[in-house]
Amino acid sequence: MTLTPTPGTDAPGPDAPTWPAEFAERYRAAGHWRGETFGSVLAERAAAHPDRIAVVDPAPERRTWTYRELEERSARLAAGFAARGISKGDRVVLQLPNVGEFVEVAFALFRLGALPVYALPAHRETEIAYFCSFTEAVAYVIPDRHAGFDHRDLASKVKANTPTLRHVFVVGDPGEHTPLSDVPREADGLPEGPAPDDLAFLQLSGGTTGVPKLIPRTHDDYIYSLRGSDEICGVDADTRYLVVLPAAHNFPMSSPGWLGALYAGGTVVLCPRPDAATAFPLVAAERVTMTGMVPPLALLWTQAAEDTEHDLSSLRLVLVGGAKYSEAAARRLEPALGCRLMQVFGMAEGLVNYTRLDDDDETVVTTQGLPISPDDEIRVVDDADQDVPDGAYGHLLTRGPYTIRGYWRAPEHNARSFTSDGFYRTGDIVRRTPTGHLVVEGRAKDQINRGGEKIAPEEIENIILSHPSVHDVSLVGVADEYLGERSLAYVILREGAEPLKAPAVRRLVRERGVAAYKVPDLVEFVDAFPQTGIGKISKKGLRSDAAPGPAAPLQH
Ligand SMILES: O=C(O)c1cccc(O)c1O
């Protein structure tokens with residue numbers, strides 16, 4: 001692994017903790033880490049079946065990339081990036097919707113060993129400015145406009161404030177920036193690529209703190225999770241995987257996702273929007289066999305499929321995960337969509353669990369599955385880190401061949417989020433069934449899971465606290481039939497301060513420039529928060545005080 005000094009600290013140190021040598025040796029000896037890189041995998045697939053379709057981007061005009069085209073175009077783009085001064089280890093914030101260029105740029109960066117930082121299309125100035133400055137990004141890749149938002153203006157503002165940011169590449173009309181299509185497609189000049197144990201990219205953590213943490217994944221570890229996922233889900237060269245969720249999310253990327261489909265030599269179909277009206281005709285036209293989605297979307301698809309004219313008969317498997325999926329909803333999916341359901345419980349930090357294709361129906365609708373790997377170590381512990389018996393609820397800790405040993409440049413946070421022997425504290429409360437399947441009961445970490453989008457309350461509380469009329473605030477998740485949870489801000493106003501109304505609180509958050517899914521769904525003004533024995537705010541108390549209300553619409 002290439003280690004670069006951490007700026008701002010005296011001691012040069014690794015950007016992220018990695019696996020101790022004896023673990024790395026064990027994972028190699030077991031055949032988990034095979035010395036592949038994303039560049040080598042794509043080159044092999046392109047050599048083996050150059051004319052097979054790798055990527056389909058159906059909108060607005062159908063475009064396809066064969067394996068040969070994807071490999072050639074991404075290698076030439078990599079050389080073009082290199083000619084523009086982007087090198088191995090540099091960070092590049094990648095914020096594209098589900099378009100073919102996402103795949104092409106990602107593979108160009110993989111080939112170069114530059115690290116994509118996967119921003120979501122929903123991220124706005126606050127998040128993007130932070131990703132660019134914290135990672136000292138040298139480039140930022142955007143669409144011109146997407147979902148009614150002009151990303152070029154945002155890029156101009158961020159570039160003005162980020163000294164390291166030298167390039168903004170735009171897919172589409174560039175405005176004052178550089179069109180991605182202007183990057184020279186060089187035939188040679190491609191420098192040596194990364195090693196298999198080098199970092200491949202930085203994924204975003206759902207987070208529990210004021211700012212999101214970055215998750216460093218290596219070629220070795222991520223490719224192992226793809227191979228394992230492919231095996232479990234039955235992904236092969238005939239798989240046609242529809243990317244319904246934003247491609248930057250870990251779930252549609254790797255469980256088994258678009259990267260899993262490409263690893264197996266299958267075809268990736270990019271869905272521009274996740275709604276059934278957009279996706280069903282694509283499933284029919286492209287003969288899609290597999291996809292993955294969050295529970296609220298699975299519910300919409302289930303309802304829509306019960307009365308559709310579109311031919312969904314090509315679908316074999318739908319994966320559902322990312323948030324709580326009710327047993328009742330899970331029972332309806334298979335008959336409605338006419339395909340197999342698989343529950344997946346995963347995290348961008350690593351560990352991914354799947355129910356299995358040969359699990360009985362009861363297990364599929366009531367559990368969140370088994371880990372990918374026999375070398376995934378699972379501990380379920382009490383508050384004192386003592387193991388609880390099987391069947392009892394406890395904190396889920398995990399360590400293994402594709403679970404990180406620490407976040408990127410976050411030593412203090414790492415000391416809290418990992419045990420001294422390298423187990424990641426997931427923050428989830430689970431129990432294990434006699435077959436080893438995990439059932440997720442809830443979470444201990446301070447995080448809201450809004451239909452699969454994770455919100456760190458602290459980040460939003462800090463914004464609301466900046467208002468002069470606000471004395472204190474607590475953002476909590478409240479049960480929602482449709483999203484699983486939505487967010488409620490309890491606000492205590494300062495005595496004698498200008499009164500504040502709920503829409504003003506929501507506007508304050510929105511105008512700070514954060515992703516729309518983080519804007520509180522509900523705001524309530526209270527005189528005091530429920531207190532616990534030790535006087536700290538009880539988020540749990542707040543949650544149980546809040547009555548579930550009517551379902552909110554899903555925001556794309
Ligand atoms: O982050 C997640 O919620 C998630 C869910 C399912 C599968 C994954 O890989 C995930 O990262």
Side-chain angles (χ1 to χ4, degrees), residues 118-120 122 200-208 212-217 221-233 235 241-261 263 274 290-298 317-325 330 341-356 364 367-373 376 396 398 400-404 407 417 424-430 437-440 442-443 445 447-456 477 483-485 515 517 554:
Y118 294 126
L120 296 171
F201 55 79
L202 299 175
Q203 184 58 274
L204 306 181
S205 111
T208 55
K213 295 287 170 287
L214 294 161
I215 299 169
R217 303 292 299 260
D221 90 74
Y222 209 68
I223 289 174
Y224 172 49
S225 83
L226 299 180
R227 193 175 337 105
S229 298
D230 281 356
E231 219 165 279
I232 290 163
C233 303
V235 179
Y241 181 90
L242 187 69
V243 187
V244 167
L245 300 174
H249 265 299
N250 196 62
F251 174 13
M253 186 177 297
S254 67
S255 299
W258 56 272
L259 278 174
Y263 186 82
M290 195 180 294
T291 187
M293 65 191 73
V294 290
L297 197 55
L317 180 64
V318 171
L319 292 109
V320 179
K324 186 166 178 51
Y325 191 34
L341 164 69
M342 187 181 275
Q343 288 208 51
V344 51
F345 161 49
M347 52 207 78
E349 286 83 355
L351 180 71
V352 179
N353 304 275
Y354 298 98
T355 59
R356 297 303 199 260
V364 171
T367 83
Q368 282 67 55
L370 297 161
I372 291 176
S373 173
D376 280 319
L396 171 65
T398 186
Y402 61 96
T403 296
I404 58 164
Y407 292 100
S417 298
Y424 169 53
R425 299 182 187 278
T426 67
D428 297 301
I429 306 287
V430 304
H437 287 68
L438 297 178
V439 177
V440 182
R443 69 184 175 259
K445 62 190 166 193
Q447 184 180 78
I448 297 164
N449 187 336
R450 187 182 188 282
E453 297 292 5
K454 318 298 192 296
I455 302 167
L483 290 169
E485 277 186 324
Y517 63 80
L554 184 70

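Each ligand, and each atom within it, is numbered from 1 in the order the structure gives. Residue numbers start at 1 and run along the sequence shown. For clarity, every value in this text was computed on a predicted model and none was experimentally measured.
Among all non-hydrogen protein atoms, the one lying nearest atom 11 (O) of ligand 1 is N250 ND2, 3.1 Å. Among all protein heavy atoms, the one lying closest to atom 2 (C) of ligand 1 is G346 O, 3.2 Å. Protein heavy atom closest to atom 3 (O) of ligand 1, with residue, atom name and distance, is K454 NZ, 2.8 Å.
Paired with F345 under the rule side-chain contact (heavy atoms from CB on, under 4.5 Å), one option of L396, V352, T367, T355 passes, and it is L396.
Ligand 1 places these atoms under 4.0 Å from at least one heavy atom of V344: 6 (C), 7 (C). The G322 neighbourhood of ligand 1 comprises atoms 3 (O), 5 (C), with distances under 4.0 Å to a heavy atom of that residue. Taking a cut-off of under 4.0 Å to the non-hydrogen atoms of M347, the atoms of ligand 1 that pass are 1 (O), 10 (C), 11 (O).
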Decide side-chain contact (heavy atoms from CB on, under 4.5 Å) for I404 and Y424; before the verdict, give the C-alpha distance in whole Å, the side-chain angles of both, and the deciding distance to 0.1 Å. CA-CA 8 Å; I404 58 164; Y424 169 53; 5.7 Å; no
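With a 4.5 Å cut-off on side-chain heavy atoms, Y407 and E349 count as touching. With contacts defined as side-chain heavy-atom distances shorter than 4.5 Å, the pair C233/L319 qualifies. K324 places none of its side-chain heavy atoms less than 4.5 Å from the side chain of V440.
Here CG of L438 is found 11.5 Å from CD of Q343. Values are rounded to the nearest 0.5 Å.
Residue contacts with ligand 1: S254 is placed with no nitrogen or oxygen under 3.5 Å of a nitrogen or oxygen of the ligand (distance criterion only).
With a 4.0 Å cut-off on non-hydrogen atoms, H249 does not touch ligand 1 at all. Only side-chain heavy atoms of S255 come within less than 4.0 Å of ligand 1; its backbone N, CA, C and O stay farther off.
A donor-acceptor contact closer than 3.5 angstrom links the side chains of Y224 and S373.
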